[in-house]
Amino acid sequence: MHSSVDNYTNIKIDSTVKSKREVMHMATDSPATLLTAAHGFYQFAVPQDVFDRSLYYNLLLQPTIAIPDHYFLQSAGISEHLRRYRGRDSWIESGLRHGYIQPYFRREGASLSQLLDEMRGSDRRGFDSRAADIAERLGGTPFTSVPWSSSSNSRAFHYAFRRYMTTEHAPLLELRVDPDDFTGFWNRSREWIGDELRTATERSADLLGTKGLLLSQLIQVSGERLFGPDCERISSVDELLLLARTRIGPGAERDLRAYYTCACELYNRSLADTLLTAAGSPGWTHFVAAMDLWRDDILSPDEGDIPDGSEYDTTIHLPRIEHLRTVSGDVLTAIRRSDSCQRYFESLGGLDP
């Protein structure tokens with residue numbers, strides 16, 4: 001992940017996370033890559049410039065990106081992106097219209113506006129203040145959605161997060177985190193993690209009608225642990241962090257950042273599995289992102305070593321994000337339909353853009 005702190009250490013998640021080769025095989029079977037930068041509950045760690053970098057470069061480099069219904073409606077990044085493109089097609093609208101953004105909706109045949117009402121009615125949270133306008137605007141763009149199961153993902157997330165958070169020793173994350181902050185948080189969390197997960201799971205099951213874990217309920221339970229059982233309704237991680245900083249202090253905020261970084265990363269990975277897509281990252285570098293979907297023979301099939309670099313040109317020159325923000329969705333479509341871009345996507349394993 002991005003951070004302004006220089007003494008961060010890369011540490012790895014345990015066996016719940018797929019190897020690079022497994023991710024590559026998944027990407028080959030299903031060419032879409034989940035746009036994790038659009039996860040609304042994760043925007044405490046993904047500012048607008050990081051979101052823009054992820055959105056623009058993914059749409060230039062990946063054959064298809066996947067965005068589920070709630071990400072459209074929660075993401076401040078998507079909201080700001082659409083606001084910039086008044087009176088013309090945004091990159092998101094162009095991607096939806098031409099099929100290189102694949103939307104996933106939890107109810108077949110429903111519109112985003114209908115889904116927004118249904119989610120609000122079942123106590124889903126974290127929606128952008130312009131969510132209704134986003135739903136209406138994107139509703140005017142023709143596209144075909146793919147159905148997905150929110151309850152199945154909630155079950156998968158519950159299993160992964162409970163297993164991760166209740167291990168005896170602090171697991172290592174595939175993130176750039178301060179190891180001292182993480183270890184301190186982990187040791188302190190042993191006192192309350194069992195009760196917190198149990199309560200959040202029970203409340204989630206009441207809403208889902210089956211066993212699972214909803215981030216919206218986990219956030220509320222965290223607030224009640226910190227501020228008392230009568231604390232107000234908390235809608236997002238950003239709101240929870242602000243309350244912790246102002247009412248308790250920076251230590252409580254740091255613990256919550258570590259906690260919800262783990263939660264959001266594991267949620268994104270379980271969601272990618274549910275959608276059968278590759279799990280992207282808002283902090284990727286562009287040449288690694290492009291390599292993710294290359295043919296299997298890019299890596300040695302036995303050792304997994306990168307062969308002689310002279311066989312492949314891994315240099316990719318990209319325009320600055322400041323420039324891409326001024327480029328319309330129609331221009332993006334023209335770029336993706338060019339002969340050179342067609343050859344590039346073919347090099348990613350014979351996938352069509």
Side-chain angles (χ1 to χ4, degrees), residues 1-8 11 36-52 54 70-71 73-80 123-131 157 161 164-165 170 173-193 195-197 199-200 203-204 213-269 271 281-283:
M1 282 297 301
H2 63 283
S3 175
S4 60
V5 180
D6 293 328
N7 63 342
Y8 275 20
I11 51 182
T36 57
H39 184 182
F41 285 134
Y42 208 3
Q43 55 198 19
F44 71 91
V46 185
Q48 187 68 42
D49 61 332
V50 175
F51 171 85
D52 286 347
S54 183
H70 56 312
Y71 282 21
L73 301 169
Q74 291 177 332
S75 173
I78 287 180
S79 177
E80 176 61 20
D123 200 23
R124 302 305 200 270
R125 308 182 187 185
F127 298 108
D128 186 79
S129 60
R130 296 195 289 253
F157 172 56
F161 192 56
Y164 180 86
M165 290 301 302
L173 272 176
E174 195 181 46
L175 296 170
R176 297 182 68 191
V177 298
D178 186 307
D180 292 333
D181 283 352
F182 183 79
T183 301
F185 148 73
W186 185 267
N187 292 335
R188 286 185 289 274
S189 70
R190 300 307 88 191
E191 300 175 4
W192 49 261
I193 190 62
D195 290 339
E196 182 146 322
L197 290 179
T199 301
R203 294 185 186 180
S204 299
L213 180 61
L214 295 169
L215 272 173
S216 56
Q217 298 306 307
L218 186 66
I219 291 166
Q220 186 66 40
V221 173
S222 293
E224 292 171 10
R225 167 173 56 85
L226 291 169
F227 315 124
D230 298 325
C231 84
E232 62 268 51
R233 186 178 188 272
I234 302 174
S235 296
S236 67
V237 178
D238 296 83
E239 184 180 348
L240 179 64
L241 292 172
L242 176 61
L243 291 172
R245 182 170 66 253
T246 56
R247 294 184 184 180
I248 300 176
E253 182 190 7
R254 280 195 300 271
D255 279 0
L256 286 172
R257 283 185 176 275
Y259 186 35
Y260 280 97
T261 295
C262 298
C264 290
E265 280 290 328
L266 288 172
Y267 179 89
N268 284 333
R269 296 173 196 208
L271 180 58
S281 168

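Scope of the values below: all heavy atoms of this structure, side chains included, with no hydrogens, waters or symmetry mates. Everything numeric here is computed off the predicted structure, so don't read it as measured data.
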Shortest non-hydrogen contact between Ala244 and Leu256, atoms and distance: CB-CD1, 3.5 Å
Quick one: does Leu213's side chain get under 4.5 Å of Tyr267's, heavy atoms only? no
Under the side chain to side chain donor-acceptor pair (under 3.5 Å) rule, collect the residues that match up with Ser189, sequence neighbours excluded. none
Before you tell me yes or no, could you show the steps for Ile219 and Tyr260 under side-chain contact (heavy atoms from CB on, under 4.5 Å), namely the whole-Å CA-CA distance, both residues' side-chain angles and the distance that decides it to 0.1 Å? CA-CA 9 Å; Ile219 291 166; Tyr260 280 97; 3.8 Å; yes
Heavy-atom nearest pair, Leu240 first then Ser222, reads CD2-CB, 3.9 Å
Residues in ring-ring contact (aromatic ring centres under 6.0 Å, His included) contact with Tyr259, at least two apart in sequence or another chain: Phe161, Phe185, Trp192
Evaluate the side-chain proximity of Leu271 to His70: yes if any heavy-atom separation is below 4.5 Å, no if none is. yes
Listed partners of Phe41 passing ring-ring contact (aromatic ring centres under 6.0 Å, His included), at least two apart: none
Mind listing the closest non-hydrogen atom pair of Ile234 and Gly223 along with its distance? CD1-CA, 3.7 Å
Contact list for residues 242-251, test salt bridge (Lys or Arg N to Asp or Glu O under 4.0 Å), sequence neighbours left out: Glu232-Arg247, Arg245-Glu253
Does anything in residues 226-247 pair up under ring-ring contact (aromatic ring centres under 6.0 Å, His included), and if so which pairs, sequence neighbours excluded? none
Who pairs with Asp238 by side chain to side chain contact (heavy atoms under 4.5 Å, CB included), at least two apart in sequence or on another chain? Gln43, Phe44, Ser236
Between CZ of Arg124 and CG of Leu215, what distance do you get to the nearest 0.5 Å? 11.0 Å
Side-chain heavy-atom pair Leu218, Leu197 within 4.5 angstrom cut-off: yes
Taken in chain and number order and not counting sequence neighbours, the residues that satisfy side chain to side chain contact (heavy atoms under 4.5 Å, CB included) with Arg233 are Asp123, Arg125, Gln220, Ser235
Considering non-hydrogen atoms only, spot the tightest contact between Leu214 and Ser204 and give its length. N-OG, 2.9 Å
Between Ser79 and Asp128, which heavy-atom pair has the shortest distance, and what is it? OG-OD2, 3.1 Å
Can you name the side chain to side chain donor-acceptor pair (under 3.5 Å) partners of His39, sequence neighbours left out? Asn268
Can you list the residues that meet the side chain to side chain donor-acceptor pair (under 3.5 Å) rule with Asp52, with sequence neighbours excluded? Gln48, Arg84, Arg325
With the side chain counted from C-beta on, respond yes when Arg269 and Phe157 share a heavy-atom pair under 4.5 Å apart, and no when they do not. no
Can you list the residues that meet the side chain to side chain donor-acceptor pair (under 3.5 Å) rule with Arg190, with sequence neighbours excluded? none
About how many Å separate OG1 of Thr246 and CG of Leu241, when rounded to the nearest 0.5 Å? 10.5 Å
Can you tell me how far CZ of Phe51 sits from OG1 of Thr36, rounded to the nearest 0.5 angstrom? 10.5 Å
Where at least one partner belongs to residues 216-227, residue pairs that pass salt bridge (Lys or Arg N to Asp or Glu O under 4.0 Å), sequence neighbours excluded: Glu196-Arg225, Arg203-Glu224
Any donor-acceptor N/O pair, Ser54 side chain to Val50 backbone, under 3.5 Å: no
